[in-house]
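Working notes, beginning with the structure itself.
These values consider heavy atoms only, across backbone and side chains, with no hydrogens, waters or symmetry-generated copies. Everything numeric in this text was worked out from a predicted model, so none of it was measured.
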Amino acid sequence: MNVVIEDNKYIEKFMKHHDNYSERLKDEIYSNINTMINEKAYKIKDVRGLKYRGKTVFEYKIILDKYFVCRIAYIKEDDNIVVFYISTNIIKATFTKEVSNLKGVTK
């Protein structure tokens with residue numbers, strides 16, 4: 001599947017705030033998200049019935065190094081995987097609450 005990192009204010013703010021990790025994070029997402037979905041599906045979780053653009057929201061944790069860990073939220077749309085949110089909040093319940101409050105996310 002094609003991987004798209006959505007150009008929105010949440011992603012832009014995150015990448016600006018974590019500028020020293022932004023390129024590594026993008027590389028990790030583009031190169032490994034398909035592998036994660038296909039080979040390590042047990043690490044992929046849905047985000048408690050939430051929808052974005054009418055599609056189920058999924059998430060997983062990315063560990064770049066011992067200093068930087070984050071979670072991403074994405075949807076599968078046609079032949080695309082669309083990443084629309086990234087957070088350094090790795091606690092699942094709090095991450096879910098953050099995602100539920102995003103513009104465009106519904107229950």
Could you tell me which residues satisfy side-chain hydrogen bond (donor to acceptor under 3.5 Å, both in side chains) with Ser87, sequence neighbours excluded, listed by chain and number?
-> Glu98
Determine yes or no for a side-chain-to-main-chain donor-acceptor pair under 3.5 angstrom, with Asn34 supplying the side chain and Met1 the backbone.
-> yes
Atom pair OG1 (Thr96) and CD1 (Ile91), whose distance is rounded to the nearest 0.5 Å | 11.0 Å
With sequence neighbours left out, write down each residue that passes salt bridge (charged side-chain N to carboxylate O under 4.0 Å, His left out) with Lys55, or none if nothing qualifies.
-> none
Can you measure from OH (Tyr74) to CD1 (Ile5) and round to the nearest 0.5 angstrom?
-> 13.5 Å
Return all side-chain donor-acceptor pairs below 3.5 angstrom for residues 56-64, not counting sequence neighbours, or 'none' if the list is empty.
residue, atom, partner, partner atom, Å
Thr56, OG1, Lys51, NZ, 3.2
Glu59, OE1, Arg71, NH1, 2.6
Glu59, OE2, Arg71, NH1, 3.3
Glu59, OE2, Lys92, NZ, 3.0

Of all pairs that satisfy salt bridge (charged side-chain N to carboxylate O under 4.0 Å, His left out), the ones with a partner from residues 79-89, not counting sequence neighbours = none
Identify, with sequence neighbours excluded, every residue that meets side chain to side chain contact (heavy atoms under 4.5 Å, CB included) alongside Asn32.
-> Glu28
Set of ring-ring contact (aromatic ring centres under 6.0 Å, His included) partners for Tyr30, sequence neighbours left out = none
Hydrophobic cluster mates of Tyr42, side-chain heavy atoms under 4.5 angstrom, ILVMFWY only, any path?
-> none
Quick one: list whatever passes salt bridge (charged side-chain N to carboxylate O under 4.0 Å, His left out) with Asp65, sequence neighbours left out.
-> Arg24
Quick one: side-chain hydrogen bond (donor to acceptor under 3.5 Å, both in side chains) partners of Tyr10, sequence neighbours excluded?
-> none
Mutual orientation of the aromatic rings belonging to Tyr52 and Phe84 [parallel < 30°, tilted 30-60°, perpendicular > 60°] | parallel
Glu39: partners by salt bridge (charged side-chain N to carboxylate O under 4.0 Å, His left out), with sequence neighbours left out = none
To the nearest 0.5 Å, atom CG of Asn8 lies from atom CD1 of Ile86 at 9.0 Å
With Ile29 as partner, the option from Ile72, Val4, Ile81 fulfilling side chain to side chain contact (heavy atoms under 4.5 Å, CB included) is Ile72
Within the side chain of Asn80, is there an N or O that forms a donor-acceptor pair under 3.5 Å with the backbone of Lys76?
-> no
Residues 6-15 vs salt bridge (charged side-chain N to carboxylate O under 4.0 Å, His left out), sequence neighbours excluded, gives Glu6-Arg53
To the nearest 0.5 Å, atom NZ of Lys26 lies from atom CD1 of Ile11 at 9.5 Å
